[in-house]
Amino acid sequence: MRAVVYDQFTAEPEVRDVADPAPSDAGVVVRVETTGLCRSDAHGWLGHDDGIALPHVPGHELVGRIHAVGPAVERFRVGDRVTVPFVCACGRCAQCLAGNGQVCPNQTQPGFTHWGSYAELVALHDADVNLIPVPESLDAGAAALLGCRFATAFRGLVHRAGLRSGERLLVVGCGGVGLSAAMIGVALGAEVIAVDIDASALARAASIGVTYTIDSSGLDEAAVLARIAEAAPAGVQVSVEALGRESTMRLSLLALAPMGRQVQIGLFSSEPTLPLPRIISQELSLHGSHGMPASDYSELLDLVASGALRPQDLIEHRIGLDEAPAALVALASGDRSTGVTVIDVA
């Protein structure tokens, strides 16, 4: 098969021919239709994930058709169109049995623990636990994005922070996952405020129904908080930090109303310092979101099927596999292209 491969962290990836994967006993091999270009893939290429073994094929947001099936798989057949959470659960441990496969201690992650979906074929483990059927009518790009950024944002907002219609939601950082969170907030009936330093990203946020956009370029923390307070004088009930920077994490916490809930999605390259006095005095809560188990996808898929949530509207660029190496390097180098890029493989 053809795949994007890098042999060293930060070394230029290349498309080359590699051996086809074989399914594990309880796994499948999927022929990739479309896969997302995600900032997590860039973190991996930069060497921020110590679980990656070299050489490596990145990619963890995907949709495709089952190409081969392991002998222990019962629920799926060759030809089925499927997606998968980026955290694949074992289905047997205490966390999985409690419905929390996204924190399974035995988890596998395509593109991290093993070769991923920047390839014509990708192996996925424990298929009966993790695969999610995808309707033929669903856009391939939209389906791929459900595997990571939309599922992570949805679980964080709905299952962790309990966002309700009519509440105010602050989204700090309007990259792919931030815009996904903003779109979900709009679909759920929240009043959404978006903050970013990029005017084009804020324009994209406004186009998906965000009520207030704040350009924070050149402003200090106090000035940005003042702008947020103008839009939400009583504070915001829920905030999302989608960049992984200490300054923006502080901003999203400090903007919360008493008893407010923050969802932390952005990944940090080093541990940040928290404004603990504020968290204690205002009884704020901080929620992590590490994806969503396959068993919880029905609510998200129903929202997409209803037309209230349209992940495909965030797709700005569709590229081929040969263009993926340069796109990954550009993303890791700080490229702030508006919207989302997907790689059409098939």
Side-chain angles (χ1 to χ4, degrees), residues 1-6 13 15 30-45 57-65 67 81-86 109-112 115-122 124 131-132 134-154 173-184 200-201 204-205 207-208 242 265 291-292 297 300-301 303-304 309-333 335-346:
M1 68 172 182
R2 298 176 73 240
V4 174
V5 184
Y6 54 86
V15 178
V30 168
R31 183 167 293 279
V32 179
E33 186 177 350
T34 297
T35 184
L37 181 74
C38 180
R39 195 163 297 277
S40 297
D41 302 319
H43 278 287
W45 178 74
V57 176
H60 62 284
E61 292 181 316
L62 66 111
V63 64
R65 294 188 185 277
H67 174 73
R81 193 179 191 225
V82 296
T83 188
V84 67
F86 80 92
Q109 296 183 18
F112 297 95
W115 283 12
S117 54
Y118 287 17
E120 293 175 326
L121 299 169
V122 60
L124 303 171
L131 295 189
I132 302 157
V134 172
E136 296 292 336
S137 59
L138 184 57
D139 175 82
L145 298 182
L146 297 181
C148 178
R149 63 196 91 192
F150 271 89
T152 302
F154 186 86
C174 294
V177 72
L179 287 172
S180 300
M183 181 178 274
I184 290 167
S200 59
R204 174 58 68 104
S207 75
I208 61 174
I265 295 177
M292 187 164 66
Y297 264 71
L300 175 58
L301 286 167
L303 197 61
V304 174
L309 185 65
R310 291 176 50 84
Q312 61 269 31
D313 289 351
L314 289 187
I315 298 173
E316 183 76 12
H317 304 288
R318 289 181 180 264
I319 63 175
L321 199 61
D322 289 320
E323 301 166 89
L328 179 62
V329 172
L331 185 63
S333 301
D335 176 43
R336 298 253 324 152
S337 296
T338 303
V340 170
T341 296
V342 297
I343 304 162
D344 290 324
V345 179

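Residues: numbered from 1 along the sequence shown. Source: prediction; values computed, not measured.
Across every non-hydrogen atom of V122 and L62, the tightest pair is CG1-CD1, 4.2 Å. The two atoms that bring A327 and I319 nearest to each other are CB-CD1, 3.7 Å, heavy atoms only. Between P110 and F86 the shortest heavy-atom distance is CD-O, 3.6 Å. For C174 against A205, the heavy-atom pair with the smallest separation is SG-CB, 4.3 Å. The two atoms that bring P13 and V329 nearest to each other are CD-CG2, 3.7 Å, heavy atoms only. Considering every non-hydrogen atom in both M1 and E120, the closest pair reads CA-OE1, 3.4 Å.
Between atom CZ of residue R318 and atom CD of residue Q312 there is a gap of 8.5 Å, rounded to the nearest 0.5 Å. The distance from atom CD of E61 to atom OH of Y118, rounded to the nearest 0.5 Å, is 8.0 Å. Taken to the nearest 0.5 Å, the CD1 atom of I265 stands 11.5 Å off from the CZ atom of R149. Between atom CD1 of residue I315 and atom OG1 of residue T34 there is a gap of 8.0 Å, rounded to the nearest 0.5 Å. The OG atom of S40 lies 9.5 Å from the CG atom of L331; values are rounded to the nearest 0.5 Å. Distance check, rounded to the nearest 0.5 Å: CG of D41 to OG of S117 gives 7.0 Å.
Side-chain N or O atoms of R81 include one that pairs as donor or acceptor with a backbone N or O of P135 at under 3.5 Å. For E33 (side chain) and A346 (main-chain N/O), no donor-acceptor pair under 3.5 Å exists by modelled atom type.
Within the 4.5 Å cutoff, the side chain of C38 has no heavy atoms near those of the V177 side chain.
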>> Is there a side chain to side chain contact (heavy atoms under 4.5 Å, CB included) between F154 and L146? Walk through the geometry before answering.
In response: CA-CA 9 Å; F154 186 86; L146 297 181; over 6 Å; no
> So L314 and I208, side chain to side chain contact (heavy atoms under 4.5 Å, CB included) or not? Walk me through it.
Replying inline: CA-CA 9 Å; L314 289 187; I208 61 174; 4.1 Å; yes
>> What verdict does the side chain to side chain contact (heavy atoms under 4.5 Å, CB included) test give for M183 and D313, after you've listed the backbone C-alpha separation in whole Å, the side-chain angles of each residue and the deciding distance to 0.1 Å?
In response: CA-CA 10 Å; M183 181 178 274; D313 289 351; 4.0 Å; yes
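The pair D139-R310 does not meet the salt-bridge criterion, since no charged nitrogen lies less than 4.0 angstrom from a carboxylate oxygen.
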